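None of the values given here were measured: they were computed from a predicted structure.
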Amino acid sequence: QLSEDVEQVSENPTDERGGEMEVHEDASSVILPDSELGTSAPSLRFSKTCLKNVFSVILLFIYLLLMAVAVFLVYQTISDFREKLKHPVMSVSYKEVSLYDAPGIAFYPGKARLLSCKHHYYDHIPPLINPGQPGAIECTTQRINYTDPFTNQTMKYALIVRGPRDVKKKELVFLQFHLNGTDQDFSAIDYLLFSSFEEFTN
């Protein structure tokens with residue numbers, strides 16, 4: 001039996017070498033992927049860490065930006081609220097009336113002279129009968145003498161006229177003045193409006 005085994009081994013020496021070579025080839029094929037995985041794993045981990053860091057920085061920047069916007073909006077709202085408290089807004093309501101208190105009109109005619117004064121309505125204004133001539137004064141007027149502080153304390157006068165009252169008929173006051181002996185191409189009369197003629201007379 002021993003001689004037969006020796007003969008079989010001597011007859012198939014290549015089979016054993018082939019088996020050894022196959023074993024070595026398998027071993028090398030197993031070792032190579034391990035070495036490749038060992039070199040690629042750190043690069044993958046490094047790239048993932050970089051991506052995480054970049055995303056973390058971006059999220060932090062967005063968070064800080066949103067916080068800054070929120071703080072600005074809160075500050076703006078508080079400042080607007082404090083400004084409104086300093087200047088409260090009063091509500092205004094309108095009520096339709098047919099008559100209202102007659103306003104006052106203060107004229108400063110200077111050298112001009114009042115010729116006529118009448119109350120008319122907006123839709124019917126008759127023409128002047130005698131333009132440039134004294135006419136009827138059908139308005140409530142009052143003459144006031146005052147000292148002008150801007151012209152060396154000289155005495156001047158103001159003409160106070162009671163204004164219109166009828167709102168629905170659009171009442172107005174028509175006044176005619178005359179200014180003679182002027183060297184100017186155009187003359188104007190200063191005036192001042194105030195709310196109530198009755199309060200002025202009182």
task = Given side chain to side chain contact (heavy atoms under 4.5 Å, CB included), test L192 with Y108 step by step and report yes or no.
result = CA-CA 8 Å; L192 174 68; Y108 305 94; 4.1 Å; yes
Hey, are the side chains of [X] and [Y] touching, using non-hydrogen atoms and a 4.5 Å cut-off?
| X | Y | answer |
| --- | --- | --- |
| C117 | V173 | yes |
| R143 | N145 | yes |
| C139 | R162 | no |
| T147 | M155 | yes |
| V161 | T140 | no |
| Q142 | T201 | yes |
| N53 | V57 | no |

Looking only at heavy atoms, what is the nearest atom pair of [X] and [Y], with distance?
| X | Y | answer |
| --- | --- | --- |
| P103 | P164 | CD-O, 3.2 Å |
| P109 | F177 | CB-CE2, 4.2 Å |
| G110 | Y157 | O-CE2, 3.5 Å |

How long is the straight-line distance from [atom2] of [Y] back to [atom1] of [X], given to the nearest 0.5 Å?
| X | Y | atom1 | atom2 | result |
| --- | --- | --- | --- | --- |
| S116 | H178 | OG | NE2 | 12.5 Å |
| L128 | L115 | CG | CG | 9.5 Å |
| L179 | I189 | CG | CD1 | 7.5 Å |
| Y121 | E171 | OH | CD | 5.0 Å |
| K86 | R82 | NZ | CZ | 6.0 Å |
| I105 | I160 | CD1 | CD1 | 10.0 Å |

task = Tell me whether the guanidinium CZ or amine NZ of K118 lies under 6.0 angstrom from the six-membered ring centre of F174 and within 45° of its axis.
result =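 No, K118 and F174 do not form such a contact.
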R165 side chain vs Y100 backbone, donor-acceptor pair below 3.5 Å = yes
query = Under a single-linkage definition using a 4.5 Å side-chain heavy-atom cutoff for Ile, Leu, Val, Met, Phe, Trp and Tyr, are I58 and L66 assigned to the same hydrophobic cluster?
reply = yes
ask   = Taking a hydrophobic cluster as the set of Ile, Leu, Val, Met, Phe, Trp and Tyr residues connected by side-chain heavy atoms closer than 4.5 Å, whether directly or through intermediates, do L114 and L193 fall within one such cluster?
value =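 Yes.
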key: Y146 OH: over 12 foreign heavy atoms closer than 6.0 Å   =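 Atom OH in Y146 is packed in, count exceeds 12.
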query = Does atom CZ of F194 have more than 12 heavy-atom neighbours from other groups under 6.0 Å away?
reply = yes
ask   = When the ring planes of Y191 and F107 are compared, do they come out parallel, tilted or perpendicular, using 30° and 60° as the limits?
value = tilted
ask   = Taking atom types as modelled, is there a side-chain donor on E138 or H119 under 3.5 Å from an acceptor on the other?
value =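 E138 vs H119: no donor-acceptor pair found between side chains.
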